[in-house]
Number of protein chains: 2
Amino acid sequence: MARVNTKQLITEAAVRVAAQQGISGASMDQIAEAAGVAKGSLYYNFSSKDAIFEQVMRDGFERLGAAVDEARSQAAGDPARLPRAVAAATLETLRGNLDLAKLMASEIFRTDRAWAGAMELARSSVVVRYRDVLREAEAARGGPRASEEITETAGAAFFGALAGACLDWLLFRRDQSVDQVLDQVLRGY
Amino acid sequence: MARVNTKQLITEAAVRVAAQQGISGASMDQIAEAAGVAKGSLYYNFSSKDAIFEQVMRDGFERLGAAVDEARSQAAGDPARLPRAVAAATLETLRGNLDLAKLMASEIFRTDRAWAGAMELARSSVVVRYRDVLREAEAARGGPRASEEITETAGAAFFGALAGACLDWLLFRRDQSVDQVLDQVLRGY
DNA sequence: GTCTATAGGTTGATAGAC
DNA sequence: GTCTATCAACCTATAGAC
């Protein structure tokens, strides 16, 4: 067994390299160098380059889903403020994993990758979580009609608004606080 | 002079190929074949592969900006319905250029490309348009405070919500009408 | 489990005929 | 202005030593 988790060393290096030049632009040589291992070790720990990035994407959505779940359980008693709590947790997670967030943004609508099926499952489970958050908030404010009217599409829009504002913030206008960004995103939610 | 616009033939083919396999995955051989010209003609009309995709991105943002401008001028007399009019124009434009929309989504937050500077300018001008739409709508409904409180970040969030919902719709759940998607996205705007 | 060396295939770009 | 032919560079993946 390895002294450190070589698999994790490799996926973290893959994220760093791919954030700079995209997945196709990230060569196995560069990933090996960034991870501090030989290229042969990449192929011992993963069956292919695709397998590395499938793991990267899986980890990313899992992390995001866990952050949303945690925010939901913490704000369970106050459904009116649930959207803001979940939005804040999302922004913090993306900020703490900026390289990964950029990568996920550039891959989320690609249907050609070898790992597209696995990614679509993970993406869908996150979108459903956002949909449920909007439903709970609507129910709490006694919305006009039953919350079944809020579909996955609304969840995708909420997620898109968060991701779009967050990356605009972190990449192009960093001189804002989290609360300022939240205020801008949540006008209306 | 060529009998048809070879440059346009090439950029359109580049969009089709790159929508399937990404920009890095799109080879010059494939683009030439899809355009129905020889590879040498690619290099006669464009200085490099990067130059082709810089033109592609420029065209995409220009098309989107023009659609927003047209919707704004048509809805000029009714600022309360401006967001929906602009949102509808955005969805229709993305739907009519789905390959290009996928490509733009996967590139919009990449800062490593040779054409990143040009793309950031184009992206910013589109975000400002959405911000202005939100400001006009807020002013029309006599919003709590001056519209200066609505920043580019809100514009980026609005754009993100539209793009996120639209691509979720067109790629994963096509069994919806434009109006249904608009209803989901605009809850709150 | 990690390493080095190399095979095998693809790519972006150029040269020169027509 | 478009074509064909070709090259040098690069990349993924494998083989085999340690």
Side-chain angles (χ1 to χ4, degrees), chain A residues 1-58 103 106-107 110 112-119, chain B residues 1-58 103 106-107 110 112-119:
Chain A
M1 187 178 138
R3 281 173 296 180
V4 296
N5 189 336
T6 307
K7 276 189 165 63
Q8 192 175 336
L9 226 53
I10 292 171
T11 52
E12 287 171 357
V15 168
R16 287 198 302 278
V17 175
Q20 295 294 323
Q21 5 188 304
I23 289 181
S24 303
S27 73
M28 294 296 262
D29 280 307
Q30 289 173 307
I31 295 170
E33 189 187 344
V37 301
K39 190 159 62 161
S41 297
L42 265 48
Y43 286 95
Y44 179 82
N45 287 281
F46 293 93
S47 62
S48 67
K49 182 182 174 182
D50 280 341
I52 295 177
F53 284 102
E54 174 169 350
Q55 186 64 47
V56 165
M57 290 300 152
R58 216 184 280 273
L103 216 53
S106 69
E107 292 290 321
R110 289 192 60 169
D112 56 294
R113 299 292 199 190
W115 61 82
M119 195 172 64
Chain B
M1 186 179 137
R3 281 173 295 181
V4 295
N5 189 336
T6 306
K7 276 190 165 60
Q8 192 175 334
L9 226 53
I10 291 171
T11 52
E12 287 171 357
V15 168
R16 286 198 302 277
V17 175
Q20 295 293 323
Q21 5 189 306
I23 290 181
S24 303
S27 73
M28 294 296 263
D29 280 305
Q30 289 173 308
I31 295 171
E33 189 187 344
V37 302
K39 189 160 63 159
S41 295
L42 265 47
Y43 286 94
Y44 180 83
N45 287 280
F46 293 92
S47 62
S48 67
K49 183 181 173 181
D50 280 341
I52 294 177
F53 284 102
E54 173 169 351
Q55 186 65 44
V56 165
M57 290 299 151
R58 216 185 282 273
L103 216 52
S106 69
E107 291 290 320
R110 289 192 60 167
D112 55 294
R113 299 291 199 190
W115 62 80
M119 195 172 64

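Chain naming here is simple, since letters A, B, ... match the order of the sequence lines and numbering starts at 1 in each.
Between B:T6 and the phosphate of D:dG1, there is no side-chain N or O to OP1/OP2 separation shorter than 4.0 Å. Contact check, B:S41 against D:dG1: no side-chain N or O comes under 4.0 Å of OP1 or OP2.
In this structure, B:E33 places its CD atom 18 Å from P of D:dT2, rounding to the nearest Å. Atom CG in A:N5 sits roughly 10 Å away from atom P in C:dT2 (whole-Å rounding). We find that OH of B:Y44 is positioned 19 Å from P of C:dC18, with the value rounded to whole Å.
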Filtered N/O pairs between nucleotides 11-13 of chain D and protein, under 3.5 Å:
residue: D:dT12; atom: OP1; partner: A:K49; partner atom: NZ; Å: 2.9
residue: D:dT12; atom: OP2; partner: A:M28; partner atom: N; Å: 2.7
residue: D:dA13; atom: OP2; partner: A:Y43; partner atom: OH; Å: 3.0
residue: D:dA13; atom: OP2; partner: A:K49; partner atom: N; Å: 3.1
residue: D:dA13; atom: N6; partner: A:K39; partner atom: NZ; Å: 2.9

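Side chains of A:Q21 and A:Q30: a donor on one and an acceptor on the other come within 3.5 Å.
For B:E12, the CD atom counts as densely surrounded, since its 6.0 Å shell holds more than 12 non-hydrogen atoms of other residues, nucleotides or ligands.
For A:A38, whose side chain is taken as the heavy atoms from C-beta onward, the closest listed nucleotide among D:dT2, D:dC3, C:dT4 is C:dT4.
Taking every heavy atom of both residues into account, B:A19 and B:L103 meet most closely at N-CD1, 4.1 Å. Residues B:W115 and B:M57 share a closest heavy-atom pair of NE1-CG, 3.8 Å.
In this structure A:R110 satisfies the salt bridge (Lys or Arg N to Asp or Glu O under 4.0 Å) test together with A:E107, A:D112, sequence neighbours excluded.
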For a quick test of your reading: what N or O donor-acceptor pairs under 3.5 Å do the side chains of residues 48-56 of chain A make, sequence neighbours left out?
residue: A:S48; atom: OG; partner: A:D50; partner atom: N; Å: 3.4
residue: A:S48; atom: OG; partner: A:A51; partner atom: N; Å: 3.2
residue: A:K49; atom: NZ; partner: A:I23; partner atom: O; Å: 3.0
residue: A:K49; atom: NZ; partner: A:A26; partner atom: O; Å: 2.8
residue: A:E54; atom: OE2; partner: A:R58; partner atom: NH2; Å: 2.4
residue: A:Q55; atom: NE2; partner: A:D59; partner atom: OD1; Å: 3.0

